[in-house]
Amino acid sequence: MTEVSLFESDLLSPEVQSLLPPGYTLRALRSNDYERGFLKVLEVLTEVGNHTKQEFDDHTITITEDAKDQVVAVGTILVERKFVHKNGLVGHIEDIAVNNNQQGKKLGLRIIQALKFIGAKRGCYKVILDCSEKNVPFYQKCGFTQKEVEMAWYV
Ligand code: ACO
């Protein structure tokens with residue numbers, strides 16, 4: 001069966017692909033990425049749980065290490081249409097994760113650059129995210145500045 005990508009490749013930044021180390025590929029999440037260790041990468045972030053293939057999210061990108069055919073870095077952008085700002089669009093970056101043994105190769109930076117490219121191409125007027133204190137320097141290096149305060153309510 002042919003593999004299905006979650007969105008068209010014209011939303012993938014050619015510049016980010018050209019900046020990846022040789023042997024790595026930027027892609028939209030594909031149906032068979034479940035077998036390529038997609039959820040395993042997310043385990044560096046938090047407890048993932050037992051998902052079925054059908055529970056994959058939209059607007060998610062991956063970087064794969066081609067020789068091993070394995071997903072090594074992932075990230076998601078959700079595009080929200082506001083009522084304010086003339087129905088403007090806001091991009092929300094979520095669940096950025098790079099395999100423990102692949103960190104420090106700028107793959108996290110490339111995932112963020114690729115998600116910013118999608119946000120800009122989709123017409124977002126800003127892209128925002130929440131992160132821990134310890135990741136603030138990483139996001140600053142990705143071009144983000146600190147604004148506002150995160151609030152949470154757990155059910
Ligand atoms: N503190 C300071 N600087 C950092 C940090 C940090 N914690 N992490 C990365 N950097 C710097 C790097 O040194 C590099 O700087 P340089 O350009 O001067 O060399 C730059 O940021 C880019 O680093 P990358 O190599 O792209 O980082 P990496 O591929 O390791 O990815 C990430 C960073 C995503 C935080 C990764 O370490 C990871 O998966 N951590 C565990 C999961 C996590 O915390 N995810 C983010 C959750 S927040 C969210 O999802 C919105």
Side-chain angles (χ1 to χ4, degrees), residues 5-7 11-30 33-51 53 55-82 85 88-155:
S5 286
L6 285 187
F7 56 87
L11 280 178
L12 295 171
S13 163
E15 191 192 351
V16 170
Q17 175 61 59
S18 75
L19 291 169
L20 288 179
Y24 289 78
T25 304
L26 174 69
R27 303 194 315 212
L29 186 69
R30 290 190 189 174
D33 284 344
Y34 186 80
E35 279 84 24
R36 292 192 182 95
F38 170 72
L39 296 177
K40 198 92 203 125
V41 179
L42 282 173
E43 281 172 12
V44 303
L45 200 59
T46 185
E47 187 190 331
V48 176
N50 294 318
H51 292 244
K53 262 175 120 161
E55 289 171 317
F56 272 14
D57 203 351
D58 267 355
H59 311 106
T60 296
I61 59 168
T62 65
I63 293 173
T64 52
E65 189 179 4
D66 301 333
K68 296 184 180 155
D69 196 27
Q70 282 293 301
V71 174
V72 295
V74 304
T76 296
I77 185 167
L78 308 171
V79 177
E80 172 203 8
R81 183 169 291 283
K82 308 289 281 185
H85 286 291
L89 299 176
V90 174
H92 297 263
I93 285 182
E94 297 285 343
D95 296 343
I96 305 303
V98 177
N99 255 355
N100 282 323
N101 61 3
Q102 299 271 349
Q103 289 175 12
K105 296 179 177 179
K106 302 221 189 295
L107 299 180
L109 172 68
R110 301 301 172 224
I111 285 280
I112 297 298
Q113 289 172 331
L115 294 175
K116 285 163 75 180
F117 180 89
I118 293 171
K121 215 161 169 177
R122 288 284 315 274
C124 295
Y125 72 92
K126 69 175 177 182
V127 173
I128 57 178
L129 59 87
D130 290 327
C131 71
S132 61
E133 246 346 288
K134 85 173 169 48
N135 282 331
V136 168
F138 166 70
Y139 286 110
Q140 283 170 335
K141 292 207 161 152
C142 294
F144 286 77
T145 48
Q146 217 166 335
K147 272 211 120 195
E148 315 292 351
V149 175
E150 181 199 77
M151 307 287 282
W153 178 72
Y154 291 86
V155 180

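Counting convention: from 1, in listed order, for ligands and their atoms alike. We number each residue from 1, following the sequence as shown. Since the structure is predicted, the reported quantities are computational estimates derived from the model, not experimental observations.
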Of the choices [options], which has the non-hydrogen atom that lies closest to [atom]?
{"atom": "atom 7 (N) of ligand 1", "options": "Lys134, Glu133, Lys105", "value": "Lys134"}
{"atom": "atom 19 (O) of ligand 1", "options": "Gln113, Lys106, Gln140", "value": "Lys106"}
{"atom": "atom 40 (N) of ligand 1", "options": "Lys141, Gln103, Glu43", "value": "Gln103"}

>> Testing Val74, Leu26, Val98 one by one against Ile63 for a side chain to side chain contact (heavy atoms under 4.5 Å, CB included), which residue passes?
In response: Leu26
Mind checking whether [X] has an N or O less than 3.5 Å away from an N or O of ligand 1?
{"X": "Gly104", "value": "yes"}
{"X": "Gly108", "value": "yes"}
{"X": "Pro137", "value": "no"}
{"X": "Ile93", "value": "no"}
{"X": "Ile96", "value": "yes"}
{"X": "Glu94", "value": "no"}

> Charged N to carboxylate O below 4.0 Å: is that the case for Arg36 and Asp33?
Replying inline: yes
> Is the closest protein non-hydrogen atom to atom 33 (C) of ligand 1 under 4.0 Å?
Replying inline: yes
> Does some non-hydrogen atom of the protein lie less than 4.0 angstrom from atom 13 (O) of ligand 1?
Replying inline: no
Hey, are [Y] and [X] close enough side-chain-wise for a donor-acceptor pair under 3.5 Å?
{"X": "Glu65", "Y": "Gln102", "result": "yes"}
{"X": "Lys105", "Y": "Tyr24", "result": "yes"}
{"X": "Thr76", "Y": "Asp95", "result": "no"}

> Is the shortest distance from a heavy atom of Ile112 to ligand 1 less than 4.0 Å?
Replying inline: no
> What protein heavy atom sits nearest atom 43 (C) of ligand 1, and how far off is it?
Replying inline: Leu45 CD1, 3.4 Å
> Does Lys116 use its side chain to pair, donor to acceptor, with the backbone of Cys142 at less than 3.5 Å?
Replying inline: yes
